[in-house]
Amino acid sequence: MNVYDGGRIRDLMTASGFAESSTPKGANIIILVTCAVRAKAEDKVFNQIASWRHTGEINNDTIIALGGCVGAELAEQILDLDKSINIIFGPRTIHRLPKMVGEFIASGKPVVDVTADAIDKFDYLPEAGAVGPSAFVTIMEGCSNKCTYCIVPYTRGEEQSRPVQDIIDECVGHIANGVKEIHLLGQNVNSYHGLNTDGSDCKFSTLLYEIAAIPGVERIRFTTSNPMDFTDDIIEAIKDLPVISDGIHVPIQAGSDRILEAMHRRYTAKQYVELIKKIRAARPTVHISSDFIVGFPGETDEDFNETMKIVNEVKFDQSFSFVYSIRPGTPAATLEDPVSKETKMQRLYILQQRLEELASEYTQAFVGTTQRCLVEGTSRKDENELKSRASSGRIVVFKGPLSLVGQMVDVKITSVAAHTLKGELVTK
Ligand code: SAH
Ligand code: SF4
């Protein structure tokens, strides 16, 4: 979502007469879009600014605007942490940035504007610029689930869905710019409830059918799905619509029901396994990936073993895993936590080893198959090779002419290197 917000800020600033600089050095203004989901992400931004200053890439004349979730979380407090920051904005106030820059230039005083109740930012953003063959489209802002460890509901605000027509218009604009793949974004896309033009309610599965019906949409991805709201109609849509990708991300967080309850996730491990079974029955080629938190306050060895049990049962593909990070102001931040950092790190290591083994098995299994791939550009390692993405989300490199960039092609997988698939173009 930050990548999406960053892109929209680029569109907005360009429309306001600014030009993008390829390096921080020499830029008049630097805009940082930040993440607050873990403490590490938050520290990173302050270290980055200090490092730029140290290397002379920015100086006292550089205007620094810090926004996104850290902006919303800390607001004015940021001025105490780093006095060189001039503008502070939040995820919902990105559309006001040109105005904030103008105010700062006129007054020389810090400008702080981090909150907005409504998600009217979308109404004030210019048409999205060209982005390549795949485009992110945010369909909702915020989250109202209030999982006990999570800061997102406090930084991005309560969940609000964009109206259907807004989303369709943005997708149509992207398709006109050569986009083939639409990647729908939201903290919990499955609970999307947007307004139709006639005032009626549109749920996520209906939105999927509407987007699939736009001429030129060849693939749809969506992130993130909360298991709790993964209803049968969405599974039906996955079955009906081949344009929906094979890569489906369904964060589980933990395998112990006791921990899931303490996290306020509102599903049990058994319900999660049943859900995955249903998704796999609807789409046998699906690749399920997930997010895990280890070391939630009070997590015992037994709880952790439950997580490992479900990992082995579900057999996840390429997943994300993190050690629990205390987020100020969240309910879990006040919980007693007798588990040592070392134990948490050990658990993370064990989990990541197993996840890596499983992902490697999936990677190997692609050899000999033919994958429909969207060509994104040239490979970073070898300019003579094209980089593309299969429906599962795996990167596929192969030799082919540059004219294929932006096209869907079939590639026969011949070998693997780490998790990258290598193959040959299938010509009809
Ligand atoms: N809305 C998504 C997740 C968004 S945050 C969902 O509910 O699935 C992305 C991931 O960051 C989460 O799935 C979780 O695994 C991780 N995360 C969130 N808060 C965290 C915290 N306090 N400590 C460690 N990981 C966290
Ligand atoms: Fe955070 Fe839970 Fe909302 Fe995801 S569903 S953003 S983890 S509160």
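Atoms within a ligand are numbered from 1 in the order they appear, just like the ligands themselves.
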Atom 3 (Fe) of ligand 2: which protein heavy atom is closest, and how many Å away?
Cys143 SG, 2.2 Å
Any nitrogen or oxygen of Asp291, main chain or side chain, under 3.5 Å from a nitrogen or oxygen of ligand 1?
yes
Does Arg265 come within less than 4.0 Å of ligand 2, judged by its heavy atoms?
yes
Take every heavy atom of Val152, measure it against each atom of ligand 1, and state whether any distance is under 4.0 Å.
no
Indicate the atoms forming the closest heavy-atom contact of Lys146 with His264, along with that distance.
O-ND1, 3.3 Å
Can you report which non-hydrogen protein atom sits closest to atom 1 (Fe) of ligand 2, along with the distance?
Cys150 SG, 2.3 Å
Are any of the heavy atoms in Ile151 under 4.0 Å away from ligand 1?
no
Please say whether the positively charged group of Arg327, taken as NZ for Lys or CZ for Arg, lies over the ring of Tyr149, i.e. under 6.0 angstrom from the six-membered ring centre and within 45 degrees of the axis.
no
Would you check whether Tyr149 has a nitrogen or oxygen atom less than 3.5 angstrom from a nitrogen or oxygen atom of ligand 1?
yes
Going by distance only, is there an N or O of Gln253 that falls short of 3.5 Å from an N or O of ligand 1?
yes
For atom 5 (S) of ligand 2, what is the nearest protein heavy atom, given as residue, atom name and distance?
Asn145 ND2, 3.3 Å
Between Arg38 and ligand 1, is there a nitrogen or oxygen pair with a distance under 3.5 Å?
yes
Please work out whether the ring planes of His249 and Phe320 are parallel, tilted or perpendicular, with thresholds of 30° and 60°.
perpendicular
Between ligand 1 and Arg265, is the shortest N or O to N or O distance under 3.5 Å?
yes
Heavy atoms only, cut-off 4.0 Å: how does Val37 contact ligand 1, side chain, backbone, both, or neither?
both
Can you report which non-hydrogen protein atom sits closest to atom 8 (S) of ligand 2, along with the distance?
Cys147 N, 3.3 Å
Using a 4.0 Å heavy-atom threshold (strictly under), name the region of Arg327 that reaches ligand 1: side chain, backbone, both or neither.
side chain
Could you identify the single nearest non-hydrogen protein atom to atom 6 (S) of ligand 2 and state the distance to 0.1 Å?
Gln187 OE1, 3.4 Å
Does ligand 1 come near enough to Ser325 that some N or O of the ligand is less than 3.5 Å from an N or O of the residue?
yes
Starting from atom 7 (S) of ligand 2, what is the nearest protein heavy atom, named by residue and atom, and what distance separates them?
Tyr149 OH, 3.3 Å
